[in-house]
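So the structure is just underneath, and the comments pick up after that.
No experiment lies behind these values; they were computed from the predicted model shown. Below, chain A is the first sequence line, B the second, and so on; all start at residue 1.
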Amino acid sequence: MKIASWNVNSLKVRLPHLQQWCADAAPDILALQETKSEDGAFPLPAIQALGYHCVFSGQRTYNGVAILAREAPTDVVTDVAGLDDPQRRFLAATVGGLRIVNLYVVNGQSVGSEKYAYKLRWLDAVTAQLREELARHPELVVLGDFNIAPEDRDVHDPEAWREQILCSTPEREALRAMLDLGLHDSFRLHNDEPGQYSWWDYRQAAFRRDLGLRIDLVLVSESLKARVADVGIDRVTRTWERPSDHAPAWVRLSDTTS
DNA sequence: ATGGTAGGTGCCCTA
């Protein structure tokens, strides 16, 4: 069971990349962020042609999330309780006994801005909702573009990024509060190395110089932790023509033995 | 050095 997250930065532009990566990597479940596609314009036939069921929650121009899965997703939730929020950043569904929550966390622009305050409010509300999800579904996967680098080893230049957006202490504490529900950053269960990035800015030739951050995460609940057999970030997609600025992050779960 | 590039939109906004 391979589960992946990828911020595609426009599904319309990145459809060929999605087709290629799905052929290469064969994920069973794939969470997409920044589809930038209204639901009425979602390219469902192209997704189905890849062999996936799909649920999605989108809007014009910004945001937008989707879950692709070999099995049909059920019990879909698109809204965060307690937030009257038109921004389409949250999508939960059950797939073959696993509860999947796809997050496109608010970027926050800069520390202290109004968007930053919204980011922290949004994370608070989502964490409260995840507490409920976890109570109902012990086998929980929370994945997506978190727009937070968990630790300094996830940042190419920690001093330059110190207390900057994506790295500030309040953001990291908000992520910690989410992990404290009983979730684990699956990548760090199998890889202790620094320099393992999932996002490189389009500007300043950041990818060529490997000026990246690891902000795309796959969190697994306690009851799934022992099944995490392998993890990875497929940075090769960032070398492709007209790439997303994010690479897919994935986890492979061993089969249940019952 | 407060830039740069990319996507979607429409004469800027967000990342």
Would you please confirm or rule out a distance under 4.0 Å between OP1 or OP2 of [N] and any side-chain N or O of [X]?
X	N	result
A/Arg203	B/dA15	no
A/Arg60	B/dG10	yes
A/Lys12	B/dG7	no

Is a salt bridge present between A/Arg176 and A/Glu173, judged by a nitrogen-to-oxygen distance below 4.0 Å?
no

Consider the side chain of [X], meaning its heavy atoms from C-beta on, and name the nucleotide among [options] that approaches it most closely.
X	options	answer
A/Tyr202	B/dT14, B/dT5, B/dT9	B/dT5
A/Asn107	B/dT5, B/dG4, B/dA15	B/dA15
A/Glu34	B/dG8, B/dA15, B/dG4	B/dA15
A/Arg89	B/dA15, B/dG7, B/dG4	B/dA15

Taking the P atom in each of B/dT9 and B/dT14, what is the distance between them to the nearest angstrom?
14 Å

Using the C1' atom in both, what is the distance from B/dA1 to B/dC12, to the nearest Å?
24 Å

Of A/Gly108 and A/Arg14, the one whose closest DNA chain B nucleotide lies more 5'
A/Arg14

Using heavy-atom distances to pick each residue's nearest nucleotide on DNA chain B, tell me which of A/Ala205 and A/Gln87 is more 5'.
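Comparing both residues, the 5'-ward one is A/Ala205.
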
Expressed as a whole number of angstroms, how long is the span from [X]:[atom1] to [N]:[atom2]?
X	N	atom1	atom2	value
A/Tyr104	B/dA15	OH	C1'	6 Å
A/Asp216	B/dA15	CG	P	15 Å
A/Leu32	B/dG7	CG	P	16 Å
A/Gln33	B/dG7	CD	C1'	16 Å
A/Tyr62	B/dC13	OH	P	8 Å
A/Lys36	B/dA15	NZ	P	9 Å
A/His17	B/dA6	NE2	P	12 Å
A/Gln109	B/dT2	CD	P	18 Å

Rounding to 0.5 Å, atoms CD (A/Gln33) and CG (A/Asn102) come to a distance of 4.5 Å

May I ask you to decide if the ring planes of A/Trp161 and A/Trp199 are parallel, tilted or perpendicular, using 30° and 60° as cut-offs?
perpendicular

Does atom CZ (A/Arg131) have a neighbourhood of more than 12 heavy atoms from anything else shown, all under 6.0 Å?
no

Taking A/Lys2 for its side chain and A/Trp250 for its backbone only, find out whether a donor-acceptor pair lies under 3.5 Å.
no

Classify the nucleic acid contact of A/Arg238 as base, sugar-phosphate or nothing, counting any heavy atom under 4.0 Å across all strands shown.
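Nothing, no nucleic acid heavy atom in range.
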
